[in-house]
Amino acid sequence: MKKGFTLIELLIVIAVLGVLAAVTVMGIDPIDKINAANDTKVQRDTNALSTAMEAYAVANNGVYAADQATLVTSGDLKTTLIAPSGYSDYTVSGGATGKAYGQLKSKKYVNANTPNWVWCSASGKAGATANPAGTCP
């Protein structure tokens, strides 16, 4: 009598493992994990922009830079910050008040209808918002 597994038994085990792997991948949602990591980069970059804009405003009588190029030229920002692939470019606006924002894509923000990370000089805060052009956190 031979000892071992039959072909049917092996196929059943492989099928069960395949189902378990599929359920695990669906539960983890790798695309959302990538988007969450990219969202963290957007938040870090917006923080760097806010710091550079505040430094620029201090040196320029309270006037905020209108774009990243001005911040790089002044030396307040080392290099132009680039949004993650597939995200909208960062927006910087200046004048009497400053604002910097970037797009968010993870389910945490999109499902809450706050798909932008915004920093405003008026409040001195950064946070998620639905309308970055008009709303400050």
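Treat the numbers as computed from the prediction; the structure is a model and nothing was measured.
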Between Glu54 (side chain) and Thr51 (backbone), is there a donor-acceptor pair under 3.5 Å?
no
Return yes when atom CG of Asp89 has more than 12 non-hydrogen atoms of other residues, nucleotides or ligands closer than 6.0 Å, and no otherwise.
no
Heavy-atom closest contact (Thr46 atom, Gly102 atom, distance):
OG1-N, 4.3 Å
Distance check, rounded to the nearest 0.5 Å: Thr40 atom OG1 versus Leu104 atom CG?
9.5 Å
Side-chain donor/acceptor of Thr24 to backbone N/O of Leu20, under 3.5 Å
yes
Counting C-beta onward and ignoring hydrogens, is there a side-chain heavy-atom pair between Lys99 and Val118 closer than 4.5 Å?
yes
Side-chain contact test, heavy atoms from C-beta onward, threshold under 4.5 Å: evaluate it for Val42 versus Pro84 and give yes or no.
yes
Report yes if some heavy atom in the side chain of Ile12 is under 4.5 Å from a heavy atom in the side chain of Phe5; otherwise report no.
no
Are any non-hydrogen side-chain atoms of Asp29 and Lys107 less than 4.5 angstrom apart?
yes
With a 4.5 Å cut-off on side-chain heavy atoms, are Met53 and Trp119 touching?
yes
Looking only at atom types and distance, does a side-chain atom of Thr114 sit under 3.5 Å from a main-chain N or O of Val110, one as donor and one as acceptor?
no
Side chain Gln103, main chain Ser88, donor-acceptor under 3.5 Å
yes
Value for OG1 (Thr91) from CD (Gln68), rounded to nearest 0.5 Å, stands at 9.5 Å
If you compare all heavy atoms of Gly127 against all heavy atoms of Pro137, which two are closest, and at what distance to 0.1 Å?
N-CG, 3.4 Å
Has the side chain of Asn60 got a donor or acceptor atom that lies under 3.5 Å from a matching backbone atom of Val63?
no
Got a sec: does the CD1 of Ile82 have more than 12 other heavy atoms crowding it under 6.0 Å?
no
Atom OH of Tyr101 and atom OG of Ser50: how far apart are they, to the nearest 0.5 Å?
15.5 Å
Within a strict 4.5 Å, meaning less than it, do heavy atoms of the Leu49 and Leu71 side chains meet?
yes
Mind checking whether Tyr56 and Leu77 sit in one hydrophobic cluster, side chains of I, L, V, M, F, W, Y counted as touching below 4.5 Å?
yes
Residue pair Tyr109 / Asp39, side-chain donor-acceptor N/O under 3.5 Å:
no
For Asn38, does its backbone N or O pair with a side-chain atom of Lys105 as donor and acceptor, under 3.5 Å?
no
Honestly curious: do Val92 and Trp117 fall in one hydrophobic cluster under the side-chain, below-4.5 Å linking rule?
yes
When rounded to the nearest 0.5 angstrom, what distance separates OG in Ser85 from CD1 in Ile34?
11.0 Å
Ser106 side chain vs Asp32 backbone, donor-acceptor pair below 3.5 Å
no
4.5 Å side-chain heavy-atom contact, Thr6 and Glu9:
yes
Heavy-atom closest contact (Ala130 atom, Asn116 atom, distance):
O-ND2, 3.3 Å
